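Bear in mind that the values here come from a model prediction, so they are computed numbers and not experimental data. Counting from 1, the numbers follow the sequence of the chain as shown.
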Amino acid sequence: MTEIKSVILIAEGFEEIETVSVIDLLRRGGLEITSSGFENSTVRGSHGIVIETDSIYDYSTAKEFDALIFPGGLKAVQTLAKSQSILDLVNYFYSEKKNIAAICAAPLILDRAGILQGKSFTCHPSVKSQIHSGSYSDSRICLDGSILTSQGPGTVFDFALSILEKFKNKILADEVAGSSLIK
């Protein structure tokens with residue numbers, strides 16, 4: 001099985017728990033994940049925590065990954081959703097049937113990119129009225145084809161484990177959950 005290389009895109013105002021927990025759990029599962037800061041390698045989260053990312057976002061480099069992950073944090077999501085380069089990247093991943101995962105407010109980026117049409121998704125309840133395509137599900141996790149969405153900070157462990165299960169396998173996801181005392 002080919003190793004899936006993932007990138008998590010982080011902008012100012014990102015949701016810290018959704019970022020750090022995802023990176024941590026995926027790395028515990030042996031998944032290669034790179035954190036990429038949008039515009040800067042030092043990025044401040046919505047609660048003041050500063051993260052030094054592995055790289056600075058570059059469209060050409062980001063296209064080389066197999067999976068694209070967006071944490072929430074409304075300010076970060078709004079910034080990314082306004083970037084034509086990010087929207088082009090989302091469309092590239094979608095057209096290539098590469099995996100895309102978004103949690104909390106981040107499905108707004110997917111909606112803005114136009115890839116939720118005809119898809120089921122979930123998101124933080126506070127932003128669901130701002131998403132104008134697709135079919136909202138009130139489930140904690142929603143997988144529709146290559147798009148995985150989740151509701152928010154309270155679902156971050158389910159989100160990360162679902163990514164592990166999709167990109168690797170359920171046995172590994174269960175092992176990470178058990179060793180992390182999640183389940």
| task | Report yes or no: does D66 contribute a side-chain atom to a donor-acceptor pair with the main-chain N or O of N99 at less than 3.5 Å? | result | no
| said: Nearest 0.5 angstrom please: L164 CG to E175 CD, how far? | reply: 10.5 Å
| query | Is any side-chain heavy atom of F167 less than 4.5 Å from a side-chain heavy atom of L26? | reply | no
| query | What's the verdict on side chain to side chain contact (heavy atoms under 4.5 Å, CB included) for L9 and L89, showing C-alpha distance, side-chain angles and the deciding distance? | reply | CA-CA 11 Å; L9 291 176; L89 182 66; 4.0 Å; yes
| task | Heavy atoms only: give me the nearest E3-L31 pair and the separation to one decimal. | result | OE2-CA, 3.7 Å
| said: Starting from V22, can I reach I100 by hopping between I/L/V/M/F/W/Y residues whose side chains sit under 4.5 Å apart? | reply: no
| said: I need the I141 CD1 to E165 CD distance, nearest 0.5 Å. | reply: 10.5 Å
| message | Nearest 0.5 Å, please: how far is CZ in F65 from CD1 in I4? | response | 13.0 Å
| note | In short, E18 meets P71 closest at the heavy-atom pair OE1-C, 3.9 Å
| message | Are I131 and Y136 packed together at the side-chain level, in the sense that at least one heavy-atom pair is separated by less than 4.5 angstrom? | response | no
| task | Please report the closest heavy-atom contact between E52 and S41, naming both atoms and the distance. | result | OE2-OG, 3.0 Å
| Atom NZ in K170, atom CG in L161: separation rounded to 0.5 Å? | 9.0 Å
| request: Please answer whether the main-chain N or O of R140 pairs with a side-chain N or O of S150 as donor and acceptor at a distance below 3.5 Å. | output: yes
| task | Answer with yes or no whether the hydrophobic clustering places V156 together with I8; edges join I, L, V, M, F, W, Y residues whose side-chain heavy atoms lie under 4.5 Å apart. | result | yes
| message | For D144 versus S120, what's the shortest heavy-atom pair and its separation? | response | OD2-N, 2.8 Å
| request: Dump the intermediate steps for side chain to side chain contact (heavy atoms under 4.5 Å, CB included) on S146 and K98, then the final yes or no. | output: CA-CA 6 Å; S146 63; K98 292 185 176 191; over 6 Å; no
| note | On a heavy-atom basis, the closest approach of T122 and S139 is OG1-O, 2.9 Å
| For S36, does its backbone N or O pair with a side-chain atom of T53 as donor and acceptor, under 3.5 Å? | no
Distance-only donor-acceptor pairs under 3.5 Å for side chains of residues 101-111, two or more places apart:
unit_1 : atom_1 : unit_2 : atom_2 : d
D111   : OD1    : H132   : N      : 3.4
D111   : OD1    : S133   : N      : 3.2
D111   : OD1    : S133   : OG     : 2.6
D111   : OD2    : H132   : N      : 3.2

| field | Validation row: I33, I69 side chains within 4.5 angstrom (heavy atoms) | value | yes
| request: Examine V90 and V127 and state if one hydrophobic cluster contains both, with Ile, Leu, Val, Met, Phe, Trp and Tyr joined whenever side-chain heavy atoms are less than 4.5 Å apart. | output: yes
| Heavy-atom closest contact (N40 atom, I56 atom, distance) | C-CG1, 3.9 Å
| query | To the nearest 0.5 Å, how far apart are CD in Q151 and OG in S126? | reply | 10.5 Å
| request: Let me see the working for I23 and S35 under side chain to side chain contact (heavy atoms under 4.5 Å, CB included), right down to the final yes or no. | output: CA-CA 8 Å; I23 292 168; S35 60; 4.0 Å; yes
| Any chance the side chains of S83 and Y57 put a donor and an acceptor closer than 3.5 Å? | no
| Candidate pair D54 and R27, rule salt bridge (charged side-chain N to carboxylate O under 4.0 Å, His left out), full reasoning | CA-CA 14 Å; D54 300 319; R27 287 184 179 169; 3.0 Å; yes
| query | What class does the angle between the rings of Y92 and Y59 fall in, given that below 30° is parallel, 30 to 60° is tilted and above 60° is perpendicular? | reply | perpendicular
| Which distance, rounded to the nearest 0.5 Å, do you find between the CZ of F121 and the OG of S137? | 9.0 Å
| query | Would I163 and Y94 show up in the same hydrophobic cluster when neighbours are defined by side-chain heavy atoms closer than 4.5 Å? | reply | no
| Out of curiosity, does L68 fall in the hydrophobic cluster containing L25 (side-chain heavy atoms, cut-off under 4.5 Å, transitive links)? | no
| Salt-bridge criterion met for K75 and E15 (N-O under 4.0 Å) | no
| How far apart are the C-alpha atoms of F70 and I86, what are their side-chain angles, what is the distance that settles it, and do they pass the side chain to side chain contact (heavy atoms under 4.5 Å, CB included) test? | CA-CA 11 Å; F70 292 106; I86 295 295; 4.1 Å; yes
